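The next block holds one structure in the form of structure tokens; read it before the comments.
Here is the naming used below: chain letters follow the sequence lines, and residue numbers restart at 1 for every chain. Note that the coordinates shown come from a computational prediction; the quantities given were computed from them, not determined experimentally.
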Amino acid sequence: MAKMHLKLTVNGTEHECLAEPRELLIHVLRERLNLTGPHIGCETSHCGACTVDIDGQSVKACTVLAAQAQGAAITTIEGIAGPGGMHSIQEMFREHHGLQCGFCTPGMITRAWRLLQENPSPTEEEVRFGMAGNLCRCTGYQNIVKAVLAAAAELNAAKEAAQ
Amino acid sequence: MNDMTPEREERIAKLKGLGCSRKRVEDARFTQGKGNYVDDLKLPGTLFGDFVRSPHAHARIRSINADAAKALPGVLAVLTAADLAPLNLHWMPTLAGDKQMVLADGKVLFQGQEVAFVVATDRYVAADAVELVEVDYEDLPVVVDPFEALKEGAPVLREDIAGQTEGAHGPRRHHNHIFTWEAGDHAATEAALAEAEVVAEEMIYYHRTHPCPLETCGCVASMDKVNGKLTVWGTFQAPHAVRTVASLISGIDEHNIRIISPDIGGGFGNKVGVYPGYICAIVASIVTGQPVKWVEDRMENLMATAFARDYWMKGRIAATRDGRITALDAHVTADHGAFDACADPTKFPAGFFHICTGSYDIPVAHCAVEGVYTNKAPGGVAYRCSFRVTEAAYFIERMIEVLALKLGMDAAELRAKNFIRKEQFPYPSALGWEYDSGDYHTAWEKALKAVDYAGLRREQAERLEAFRRGETRRLIGIGLTHFTEIVGAGPVKNCDILGLGMFDSCEIRIHPTGSAIARLGTISQGQGHATTFAQILASEIGLPADKITVEEGDTDTAPYGLGTYGSRSTPVAGAATAMAGRKIRAKAQMIAAWLLEVHEGDLEWDVDRFVVKGAPERFKTMAEIAFASYNQAIPGLEPGLEAVSYYDPPNMTYPFGAYICVMEIDVDTGEHEVRQVYALDDCGTRINPMVIEGQVHGGLTEAYAIAMAQEIAYDDLGNVKNSTLMDFFLPTAWETPHYTTDHTETPSRTR
Ligand code: FES
Ligand code: FES
């Protein structure tokens, strides 16, 4: 099948590659760009394991063709930590035991990262609702919710301190 | 001398040993997308395998035409049973002593069954080729109901064994009958039931469901033709057992097979078995000389790899009028699907279902489990529990509720009246187990008090009154359970899988500068072994957990172990870790004695050091001893500090717990709200309370899912009705209730 020329900015780095027009973004990220952080749990847009951020929105990367992301700025779990180390959300997932097998975790954290930009001080209900597109089979969510709320508090405190 | 001084407390805290909610060492990788799951593995030249699967539940295969598929550019091979037959690999043994088709041999027996295996250069081409394979099927009558399957004149499903009257677990009485397994005293139970003042009966169906880990099953097989070595990375909960089975069925010497379980994205029993995908990937790699990856998609996972439950449990429970239980009988019709591929210890084809007398002192009991073939997928695994123990717990707890209704007695009181009392342990159960320890009354009272049980019952009664007056449509339900599990399989004398005793092992090497590596034959799928096993060891050998690496899942480096499933790793491999640690300590004591120029008997262990009795200023820390073991010539001792232990548990362990759930349900719409879930667990000594709580949350969420909607259901034609995450219910954060966890701690007496 004829391939198309894709240009994507992923985690701040520009990438170019060839891919078939029918290839899903998750496959291009994982197979062609070697970003294996986002996972595949269903390929039917139910589980959220493949969640990435495209131009400021959480997107399940199995739901879009790579071609649809032409020219987009994408953030994956590999791009969440800063030069100073883990992001506060990552720290809080560890602190509050928000993960077990870790398979859902990249998608969860990538989603939480966007959620806390959309709503920096969510209630528990808002976190549960805002994260409902991401399934976890291990944790029962309670500690994930705790982690996201703790990260929100920490990020807000840091923001205040900076002002 | 071992008084708790602040200095000593500080040394203990530094170890991060037993009882500490140590943060997990795994998490830095997982939170940054640096996990290493099987689909992340990229070997140069990797090919992709994909299955042609049967759309029919029961059909004869007239022909398979793979010409068009083979002609597709990028396709290297299309394997069918005919290609595997010369290698004798078209069938494989199951863990339950049956055999299973690797690729359909003349017929298919369930929807989603593997018919042909396509090997191509990428996953898109493989999927295209699957579409091009033409299979001509001839429909056969389908049986999805195990009771129908046992009727005279029912279609013969397993024609390969149709005439066999002896199965792997005793006589077969019908062509779709697999086994009947019994425990207890049938005659005495019938007599007690006949004489009883009260008998309650119930047919309880624990429906078929699926563990559905977020990562599906898969593997990468790589045959190195130069050195003759086969390496297989895969989602294996039992890597060593997979190696032995792979060697037995392929004829490749076991030392030439290396099985590696990388990070596993959840297992819950789904990743115990050996699946056709693994065999086909291995064969394809041998044929092509290239690595072959096979990763199933979600639909394949739900349709074809191991399910859980599917037990029809007919119960009869007898009691005196004042509520003393006098007998229990269970008759189970177990739907095993098309092949008996249950993952149970070999001598227990119904797992440990005979723990079904639960927490109660029942004088006589009997249980019989009949395994039946139907046109459904094979499996029958321990889904977040020990072998068939959730089925058993559900059975007895439901029977107690049914009896309480019949007696007009409060169900909590009925339980308390019949609990095994703490002074009765060790307690021999009527079905043949010896419960090692327990204190059920204490746990039960704590639980009832925590939820204000009496208050809840009052509120429930008032609500019912209001409902009768027409003031509300919402009723309150109070779910009670006090379960006793049986975990830690198991003693080699009666627990084995295909002849491999169910011990576990640990090998420890202490490095000169006071750090260590421990290797085990288990494999975490999220349980956090790298964190918790290091804690066990830290408490045993006095080196900080932060300085201990735990490595699992590589058969070339780890000592032989039976793997992680059925709630066995902590009681068995955790104990092996402690035992190996004690061997280290024994040698360390000799080294310390030599260094301190005293007799070994003059030393005592204190947290992280050996101290001369009565002279606390004279000591050697484990770190100092470790260094000495590598740099001193100590008479009579070999250099180095290493140990390995194979632990064969003398008994199982019997953890228990009390769970209470309060819900409100609208009687018209069925709309529900879970008001409260309280979970008290007694798992004995608590290694890492944070990790335990996380495990309980996960288990509760499975329970909620199964209770509310999660099911693998079939229609009459054998079509799977819930084969995507659209129809198979996995709760999200939104529906999942909030949990309150609690504990009591009754240490196991099994040593
Ligand atoms: S893999 Fe994309 S949502 Fe499940
Ligand atoms: S941690 Fe395993 S799926 Fe979420």
Side-chain angles (χ1 to χ4, degrees), chain A residues 1 20 22-23 27 30-31 34-47 49 76-81 86-87 89-91 93-106 109-110 124-125 127-145, chain B residues 21 23-24 26-37 39-42 122-125 211-216 263-268 295 297-299 524-528 690-691 693-702 704 724-726 730-739:
Chain A
M1 202 172 282
E20 290 180 26
R22 63 175 176 170
E23 275 181 54
H27 290 140
R30 290 177 50 83
E31 308 286 340
N34 284 325
L35 293 164
T36 55
H39 296 139
I40 298 172
C42 67
E43 288 170 316
T44 52
S45 70
H46 291 102
C47 76
T76 69
I77 186 66
E78 287 92 342
I80 302 271
M86 296 213 292
H87 188 278
I89 302 174
Q90 292 167 320
E91 296 271 10
F93 265 68
R94 178 180 148 93
E95 186 63 27
H96 294 285
H97 193 29
L99 64 150
Q100 292 179 23
C101 78
F103 202 74
C104 70
T105 311
I109 290 178
T110 310
E124 166 165 356
E125 261 207 345
V127 172
R128 284 187 178 265
F129 191 73
M131 302 287 295
N134 292 69
L135 297 174
C136 174
R137 295 292 293 140
C138 302
T139 65
Y141 304 104
Q142 194 154 316
N143 290 341
I144 290 178
V145 174
Chain B
S21 282
K23 303 303 170 205
R24 299 198 331 163
E26 294 89 341
D27 294 358
R29 286 193 303 117
F30 292 155
T31 55
Q32 298 184 76
K34 298 292 178 209
N36 180 28
Y37 303 88
D39 198 20
D40 300 342
L41 190 71
K42 285 194 177 53
D122 82 50
R123 62 179 83 208
Y124 285 76
V125 176
C212 192
L214 199 60
E215 176 202 35
T216 59
D263 292 326
I264 295 186
F268 318 121
V295 178
D297 66 25
R298 179 57 61 194
M299 209 168 186
S524 174
Q525 308 121 37
Q527 297 91 337
M690 175 191 85
V691 167
E693 194 190 57
Q695 291 290 314
V696 173
H697 287 174
L700 284 166
T701 306
E702 309 280 24
Y704 172 73
T724 72
L725 296 188
M726 178 82 96
L730 302 182
T732 71
W734 182 244
E735 299 92 24
T736 301
H738 193 276
Y739 307 120

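- Contact of A:E43 with chain B is made through the side chain alone, with heavy-atom distances under 4.5 Å.
- When the side-chain hydrogen bond (donor to acceptor under 3.5 Å, both in side chains) test is applied to A:H46, the partners found at least two apart in sequence or on another chain are A:T44.
- Between the NZ atom of B:K34 and the OG1 atom of A:T36 there is a distance of 7.0 Å, given to the nearest 0.5 Å.
- Crowding of A:F129 atom CZ: a count of heavy atoms from other residues, nucleotides or ligands under 6.0 Å not exceeding 12.
- Contacts between B:F268 and chain A at a heavy-atom distance below 4.5 Å involve the side chain alone, from C-beta outward.
- Of the atoms belonging to B:Q695, heavy atoms from both backbone and side chain fall under 4.5 Å from chain A.
- In terms of heavy atoms, A:E125 sits closest to B:W734 at O-CZ3, 3.6 Å.
- Considering only heavy-atom pairs separated by less than 4.5 Å from chain A, the leading option among B:M690, B:Q525, B:M299 is B:M690.
- Among B:P731, B:S524, B:G699, the residue making the largest number of heavy-atom pairs under 4.5 Å with chain A is B:P731.
- Considering only heavy-atom pairs separated by less than 4.5 Å from chain B, the leading option among A:G37, A:A49, A:G133, A:G102 is A:G102.
- With salt bridges taken as basic N to acidic carboxylate O contacts below 4.0 Å, one links B:E702 and A:R137.
- At a 4.5 Å heavy-atom cutoff, the contact between A:Y141 and chain B is made by side-chain atoms alone.
- Between A:Q100 and B:E26, the closest side-chain pair of non-hydrogen atoms is not below 4.5 Å.
- Taking every heavy atom of both residues into account, B:Y37 and A:F103 meet most closely at OH-N, 3.4 Å.
- For chain A, the nearby parts of B:T31 are the backbone and the side chain; heavy atoms of each come within less than 4.5 Å.
- A 4.5 Å side-chain heavy-atom check between B:D39 and A:R30 finds at least one atom pair inside the cut-off.
- Proximity to chain B is limited to the side chain of A:E124, based on heavy atoms less than 4.5 angstrom apart.
- Summarising the geometry of A:C104 relative to B:L214, their closest heavy-atom pair is CB-CD2, 3.3 Å, with the distance given to 0.1 Å.
- Among A:T139, A:V127, A:I40, A:T105, the residue making the largest number of heavy-atom pairs under 4.5 Å with chain B is A:T139.
- If you tally non-hydrogen atom pairs under 4.5 Å between each of A:C42, A:C47, A:C101 and chain B, the highest count goes to A:C101.
- Of the two parts of B:M726, the backbone and the side chain both hold a non-hydrogen atom closer than 4.5 Å to a non-hydrogen atom of chain A.
- Interface remark: B:D40 contributes backbone and side-chain atoms alike to the contact with chain A (heavy atom separation under 4.5 Å).
- Residue with the most contacts toward chain A among B:T216, B:V691, B:D263: B:V691 (heavy-atom pairs, distance under 4.5 Å).
- With sequence neighbours excluded, no residue forms a side-chain hydrogen bond (donor to acceptor under 3.5 Å, both in side chains) with B:T736.
- Using a 4.5 Å cut-off between heavy atoms, B:R29 makes no contact with chain A at all.
- The structure places NE2 of A:H27 at 10.0 Å from CG of B:D122, a figure rounded to the nearest 0.5 Å.
- Taking every heavy atom of both residues into account, A:A81 and B:Q32 meet most closely at CB-OE1, 3.8 Å.
- For A:A132, the parts lying under 4.5 angstrom from a heavy atom of chain B are both the backbone and the side chain.
- A distance-only check finds a donor-acceptor pair linking the side chain of A:Q142 to the backbone of B:Y739 [under 3.5 Å].
- For a residue to count as touching a neighbouring chain, one of its non-hydrogen atoms must lie under 4.5 Å from one of that chain's; by this rule B:V295 does not touch chain A.
- A 4.5 Å side-chain heavy-atom check between A:L99 and B:R24 finds at least one atom pair inside the cut-off.
- Contact of the B:E693 side chain with the A:H97 side chain is not registered, since no non-hydrogen atoms from C-beta on lie closer than 4.5 Å.
- Heavy-atom distances place no part of A:H96 under 4.5 Å from chain B, backbone and side chain included.
- Only the backbone of B:I264 comes within contact range of chain A, with at least one heavy atom under 4.5 Å from a heavy atom of that chain.
- Put simply, the side chain of B:K23 reaches to within 4.5 Å of the side chain of A:E95, judged on heavy atoms.
- Ranked by non-hydrogen atom pairs under 4.5 Å with chain B, the options A:M131, A:E78, A:E23 are led by A:E23.
- Interface remark: A:L135 contributes backbone and side-chain atoms alike to the contact with chain B (heavy atom separation under 4.5 Å).
- Ranked by heavy-atom pairs under 4.5 Å with chain A, the first of B:T701, B:D27, B:V696, B:T724 is B:D27.
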